[in-house]
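So the structure is just underneath, and the comments pick up after that.
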2 protein chains.
Amino acid sequence: MTRRKADELDPRERLLQTAQRLFGEQGIHATGIDRIIAEAGVAKMTLYKHFAGKDELVVAALRRKHEVFREFFRAIVESRQEPRGRLLAVFEAQERWFARPDFRGCYFLNAAAELPEANCAARRAVAEHKLWVLGQFQELCRGVGAPEPDRLADELMLLFEGAIARAYVTGDATAARAARRAAAALLEADLPAHRA
Amino acid sequence: MTRRKADELDPRERLLQTAQRLFGEQGIHATGIDRIIAEAGVAKMTLYKHFAGKDELVVAALRRKHEVFREFFRAIVESRQEPRGRLLAVFEAQERWFARPDFRGCYFLNAAAELPEANCAARRAVAEHKLWVLGQFQELCRGVGAPEPDRLADELMLLFEGAIARAYVTGDATAARAARRAAAALLEADLPAHRA
DNA sequence: CAATAAATATACAGACCTGTCTATTCCACA
DNA sequence: TGTGGAATAGACAGGTCTGTATATTTATTG
């Protein structure tokens with residue numbers, strides 16, 4: 001086993017982080033292997049020793065990004081106590097996200113847009129991610145006591161995804177506020193008792 | 001002036017149609033000039049005589065697709081008489097669209113996903129398209145007599161866009177039905193008089 | 001028919017792409 | 001201090017990319 005100098009990361013780790021960042025910033029096809037290894041400070045052979053090829057690196061980057069997203073999502077949800085607040089916090093976090101200068105839409109949807117083959121490993125990773133998010137919405141909807149939580153989750157997630165697309169294309173961060181308002185209205189419609 | 005044999009299209013037209021199709025099927029970066037001219041049956045020099053370069057061809061393809069979309073949208077809206085039906089018809093058309101085997105998400109959003117430079121001509125064309133769609137939703141919302149048509153239009157369009165993203169990523173065409181249901185609920189919330 | 005403009009075929013430059021090969025250097029650990 | 005596995009540098013193959021140059025053919029119009 002090779003041990004690192006403790007202050008610098010594993011070459012594999014540097015590759016993953018750099019690839020994840022560049023794929024997001026520039027897109028997958030626009031990001032060449034040479035650029036990735038240069039910015040990661042890693043030799044080309046090291047990349048091909050850790051990953052079979054670019055495709056595998058793309059999948060690994062997607063999975064890594066999913067982990068990051070997961071942590072983010074959990075932190076946002078757990079920042080609130082009451083079920084309704086937990087749900088709406090997701091939309092409130094969107095607005096801060098959209099306002100970031102490095103915001104470039106949905107990492108996963110952007111990747112899927114570049115990959116026409118519906119059944120490739122990367123596209124499957126994207127689908128898995130979205131289904132995980134849907135699962136979170138379903139849990140949140142059960143939390144608020146919705147009579148049909150899965151249906152409501154479908155609808156709320158449409159708002160969530162739509163806001164990302166809208167904010168990216170038109171640069172309008174207030175899409176998040178529209179999504180939040182609509183989400184509250186749908187909640188209201190399903191749970192008239194919770195009228196605040 | 002050069003006149004055509006009447007049964008075959010202008011080279012420029014063949015280029016535009018082929019480019020529009022291939023960009024949609026495979027993505028922009030994945031579609032090479034050589035492939036476009038080969039499938040269009042046009043010489044390379046002809047392409048560069050009509051377009052300054054690939055970027056300009058991309059913009060032209062986006063504008064052309066926008067024209068096609070516009071016709072589609074208008075036809076759907078005008079297929080109904082009553083204002084509420086006109087609005088909901090948009091979501092009903094989505095389901096048929098999503099079920100098509102060549103469905104590959106939003107042409108414009110996919111293009112934007114590949115183009116990180118927010119202010120390039122192609123990205124501006126994408127934004128223009130989305131704003132046109134938003135304008136249509138606003139008009140439809142005014143048609144149903146919504147008290148705040150622009151706000152409602154924002155919300156309905158989030159559902160519309162979200163459904164496209166969802167259907168593309170997970171391959172689930174029923175996203176359109178969830179969008180339609182949520183749209184009806186939001187309408188209901190704003191127009192309780194129209195309860196049917 | 002002759003003149004003109006458009007479109008064609010073909011080759012090519014120069015850059016970039018993924019992936020491979022070889023030889024060397026580094027570094028932890030025995 | 002020596003050894004072995006990991007990482008390195010750098011060249012290279014073979015393909016593809018955009019865009020240009022040149023010379024030829026086609027079709028239309030006066």
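Convention: sequence-line order gives letters A, B, ...; per-chain numbering from 1. Note that these values count all heavy atoms, side chains included, but never hydrogens, waters or copies made by symmetry.
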- Message: Walk along nucleotides 16-21 of chain D from 5' to 3' and tag each nucleotide B, S or - by protein heavy-atom contact under 4.0 Å, base first, then sugar-phosphate.
- Response: --BBBB

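Counting non-hydrogen atoms of other residues, nucleotides and ligands closer than 6.0 Å to CZ of F103(B) gives a total above 12. No more than 12 heavy atoms of other residues, nucleotides or ligands sit less than 6.0 Å from atom CD of Q81(B).
Between the CZ atom of R12(B) and the P atom of dA5(C) there is a distance of 20 Å, given to the nearest Å. Taking atom CD1 on I36(A) and atom P on dG19(C), their separation rounds to 11 Å, with Å as the unit. Distance, I37(A) CD1 to dA11(D) P: 13 Å, rounded to whole Å. In this structure, H50(A) atom NE2 and dA6(D) atom C1' are separated by 8 Å, rounded to whole Å. Between the P atom of dA9(C) and the CG atom of L47(B) lies a distance of 14 Å, rounded to the nearest Å. Atoms NZ (K49(B)) and C1' (dA23(D)) sit 12 Å apart, rounded to a whole Å. Distance CD (E13(B)) to P (dA7(C)): 13 Å, rounded to an integer number of Å. What separates CZ of F51(A) from C1' of dT18(C) is a distance of 16 Å, to the nearest Å.
For the helix from dC1(C)-dG30(D) to dA30(C)-dT1(D), the rotation axes defined at the first and last 5 base pairs enclose an angle of 0°, given to the nearest 10°.
Scanning for side chain to side chain donor-acceptor pair (under 3.5 Å) contacts around R96(A) gives an empty result, with sequence neighbours left out. For A122(B), the side chain to side chain contact (heavy atoms under 4.5 Å, CB included) partners two or more places apart in sequence, or in a different chain, are V58(B), V59(B), L62(B), L115(B), C120(B). Applying the side chain to side chain donor-acceptor pair (under 3.5 Å) rule to R151(B) yields the partners E148(B), E155(B), D190(B); only residues at least two apart in sequence or on another chain are considered. Residues forming a ring-ring contact (aromatic ring centres under 6.0 Å, His included) with H66(B) (at least two apart in sequence, or on another chain): H129(B), W132(B).
Side-chain atoms of R180(B) never come within 3.5 Å of backbone atoms of F91(B) as a donor-acceptor pair (strictly under, hydrogens ignored).
In this structure, C106(A) and K130(A) have side chains that are in contact, with non-hydrogen atoms separated by less than 4.5 Å.
A salt bridge links R142(B) with D150(B): at least one charged nitrogen is closer than 4.0 Å to a carboxylate oxygen.
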